[in-house]
Amino acid sequence: GLLTFVSAAFYVRTRPISEEPASQTDVTRVVIVGGGFGGIAVATRLERIFWRDPNFEVAMISQSNYLLFTPMLAEVAGSALEPQHISAPVRAALPRTRFIRADVLDIHTDTQTLHYCATDSDVVESLDYSHLVLALGSVPNFFDLPGMEEHSFSLKSLEDATNLRNHVITQLEMADVNPDPESRHRQLTFLVAGGGFAGTETIAEISDLVTSVLRYYPNIERSDLRFVLVHSRDRILPELGPDLANYARDKLEARGIEFVLEARVSGATENGVQLADGREIPSHTIVWTAGNQPNPLLQRLECERSRSGAVIVESSLNVRDFSNVWAVGDCAQIPVPDAEGEFYPPTAQHAIREGKLAARNIAATIRGKPIQPFRFQTLGTLVPLGHHTGAAEIRGLKFSGLLAWLMWRGIYLTLLPGLEKKVRVLFDWTIDLFFPRDTVLTSGGRQTPLPAIPPRPVVAPSGGANSDESPEEDAS
C-alpha cells in the first residue's frame, strides 16, 4: 500500500504537461526568461504551488539548457573541476516546466507577447504570457575599452572557463619550446583585471594550475612565471573587511602573485594591457572580471531602468508600473526596505530567495491575495584563495585559512543541485588533493603552420647500361 501511494504521488507530480486536460483559453501561463539561480527558483516554487492546477503552465526560455553553478567557474578554469559537474540540466530539474532553448528577440508588454528564435533555427515564434519573470542575469561590461573584448577572456559561462583553461595550458606548451625570450615572457605572464571575488579566485586558480603542472615542462622555471592582478581600488576584495582583504593579499603575494592597485586598464592588444598611467604589462593571457552589466535585452523593454541598465522594481519584485512583470537576480535593481538609496547585491544567495518570493507573489496575485516585500539579510561572504586557504565573513564572524577554505567547500557543496553533482564534485576535490591538475587539451588552440619543405631534386642513376633502375623509379 505504501509503495502504491508513493508511485501514484510521484506520477501525479512528474507527469508531462501534455497529459493535463485543460482548455488553452483558460490557461494561466507564467513565462520565465533566463535559467539562472533566480529563474530556476521561480519555476521550482511555482511547480510546487500549482502542481494540482491543470490550468496553470510554467514556461522557461533560456540560451542554455542547464543551470550553471557560477561560484565554481574559477575552479573549472583552474582544471580542478570538470565542467559538466557544476551544471544541472534544466529539463531534469523542472519536470513540469515547458523548457525552450532559444533567444528572446523582443517583448511586447501591451499585448503580453514575446518573440523568440530557437537555437540553430531562423524561425521566429511567439508566446503569450499572463505573468512575465525577467531573470536574465548579467553580461561582461568592457566599458568600450579599445581591444579589451577582442583580446581578453571573460568568466561567465562553461565555455569561457573551458577556453581559459585550454589557453593557459597552450601557453605552457608553447613556452616550453619557444627560444625567443620576449615572446616567452608574454606567454608566461597571466593577468587578471578586477580584484573582486571573481578576479581574486581566478588568479589564485590559474596560479595553482600552472604551479601544479610545472614539473611536466622542464624548460620552464618557477622564476619565469608571472601572475598579475590589476585593480582600480587601494585593496582587493572590497566586499570583505580590511583585515580579511589584507590577509588574502598577503597569502597570494607569498605565492608570487603581483598586485597592481589603484590602476585602471585603458586598453588591450594581443601582446598585453595598457594602463591609464601609461604603463604596459606584456601578456598573452588577459582575464576580464572588472565589470558586468545587465543583459542588453532589457533595453528593448519599455520600463524604467537604472543607470547601469537594470530594471527598477518595487520591493515586491514587480517591475515598476507593471502588475504582471517581475524581475529577479542581476538584471533587477531591488531596493532594501527602510534603507533609502540602498539596493541588494547581485549574488546567488539573494537571487535564489528573490525567485522564491517572486513565485509566491505571483501566486498571491493570481489568487487575489496581498503580496509581500522582499527582505533578506546577507548570510555572509566566502572566497577561496587556493592552496587550501580562504577567507570568510559570516554574520559578523571572521574566518581565515584552512577553516575558511573548508567552510567554503562545505557550504557550496550543499548548495549544488542534485545528489549526483555533489558526489561528482566531491570526487574531483578528493582527486585534486593527491594528484596534479589535468593538462589534457580539450580544444586545439592556436596552430602554427609548418614551414614549407623544398622538393628533393631528382638525380639520374649512376649505373651503366645494365642498371635496372630508371629515373622515374628513383624519383618515386
Side-chain angles (χ1 to χ4, degrees), residues 73-83 151-153 155 160-194 199-230 249-260 268-274 279-289 384-389 428 431-451:
L73 267 181
E75 292 194 85
V76 174
S79 200
L81 293 176
E82 293 294 326
H151 301 293
S152 68
F153 293 87
L155 204 60
D160 292 340
T162 304
N163 290 338
L164 177 58
R165 170 197 175 276
N166 287 325
H167 175 80
V168 170
I169 296 174
T170 300
Q171 297 306 300
L172 295 177
E173 297 285 352
M174 297 172 65
D176 190 55
V177 295
N178 189 357
D180 180 22
E182 184 177 351
S183 174
R184 200 164 178 270
H185 177 66
R186 290 193 295 267
Q187 292 167 347
L188 296 178
T189 298
F190 306 94
L191 184 145
V192 175
T200 303
E201 293 174 18
T202 301
I203 196 66
E205 283 297 328
I206 291 177
S207 174
D208 280 2
L209 167 60
V210 173
T211 55
S212 172
V213 303
L214 196 60
R215 71 186 76 172
Y216 303 130
Y217 300 91
N219 297 323
I220 302 177
E221 300 292 336
R222 182 64 179 86
S223 58
D224 298 332
L225 302 173
R226 186 184 183 192
F227 304 95
V228 184
L229 180 66
V230 180
R249 178 180 175 179
D250 293 340
K251 283 293 182 181
L252 295 177
E253 280 185 330
R255 297 182 210 145
I257 296 177
E258 176 184 346
F259 291 89
V260 182
T269 67
E270 62 180 4
N271 292 322
V273 161
Q274 291 88 37
R279 287 180 291 173
E280 295 185 7
I281 302 178
S283 175
H284 281 330
T285 305
I286 305 169
V287 185
W288 177 259
T289 65
L385 303 173
H387 275 46
H388 307 159
T389 59
D428 285 345
I431 292 173
D432 186 55
L433 292 175
F434 301 101
F435 299 97
R437 305 285 174 92
D438 191 359
T439 59
V440 173
L441 285 171
T442 57
S443 64
R446 291 188 297 178
Q447 298 292 332
T448 303
L450 294 174

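Index from 1, following the sequence. These numbers come from the heavy atoms of this one structure, side chains and all, not from hydrogens, waters or symmetry mates.
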Side-chain donor or acceptor of His284 paired with backbone N/O of Asn271 under 3.5 Å | no
Results of side-chain contact (heavy atoms from CB on, under 4.5 Å) for Ile431 - residues two or more places apart only = Phe435
Parallel, tilted or perpendicular: which fits the ring planes of Phe190 and Phe227, with parallel below 30° and perpendicular above 60°?
-> parallel
Flag side-chain contact, heavy atom, 4.5 Å: Leu164 against Thr202 = yes
Side-chain donor or acceptor of Asp432 paired with backbone N/O of Asp428 under 3.5 Å | no
In sequence, state the C-alpha distance, the side-chain angles, and the governing distance for Arg279 and Val260, and then conclude on side chain to side chain contact (heavy atoms under 4.5 Å, CB included).
-> CA-CA 11 Å; Arg279 287 180 291 173; Val260 182; 3.8 Å; yes
Closest contact, heavy atoms only, Pro179 versus Pro181 | O-CD, 3.3 Å
Which residues share a side-chain hydrogen bond (donor to acceptor under 3.5 Å, both in side chains) with Glu280, sequence neighbours left out = none
Is the shortest heavy-atom distance from the side chain of Thr269 to the side chain of Gln274 under 4.5 Å?
-> yes
Taking the side chain as C-beta and beyond, is there a heavy-atom pair between Leu73 and Asp160 under 4.5 Å?
-> no
For Arg437, does its backbone N or O pair with a side-chain atom of Ser212 as donor and acceptor, under 3.5 Å?
-> yes
By side-chain contact (heavy atoms from CB on, under 4.5 Å) - contacts of Ser183 (at least two apart) | Asn178, Asp180, Arg186, Gln187
Quick check: does any side chain N or O of Ser152 sit under 3.5 Å from a backbone N or O of Ile286, one acting as donor and the other as acceptor?
-> no
Side-chain heavy atoms of Asp224 within contact of Tyr217, under 4.5 Å | no
Rounded distance (nearest 0.5 Å) linking atom CD1 of Ile203 with atom CG of Asp208 = 10.5 Å
Short N-O contact, Glu205 and Arg165, less than 4.0 angstrom | no
Taking the side chain as C-beta and beyond, is there a heavy-atom pair between Val287 and Ile206 under 4.5 Å?
-> yes
Side chains of Phe259 and Leu252: does their closest heavy-atom pair fall under 4.5 Å?
-> yes
Are any of the side-chain heavy atoms of Glu201 and Leu155 separated by less than 4.5 Å?
-> no
Is the side chain of Asp438 donor-acceptor paired with the backbone N or O of Ser79 at a distance under 3.5 Å, no angle test?
-> no
What's the spacing between Ile220 CD1 and Leu172 CG if we round to 0.5 Å?
-> 5.0 Å
For Thr289 against Gly199, the heavy-atom pair lying closest together | OG1-CA, 3.3 Å
Has the side chain of Arg215 got a donor or acceptor atom that lies under 3.5 Å from a matching backbone atom of Pro436?
-> no
Which heavy atom of Pro218 sits nearest a heavy atom of Asp176, and at what distance?
-> N-OD1, 3.7 Å
When every non-hydrogen atom of Arg255 is compared with those of Gly386, the smallest separation belongs to NH2-O, 3.0 Å
Are Leu225 and Leu214 side-chain neighbours, meaning at least one heavy-atom pair lies under 4.5 Å?
-> yes
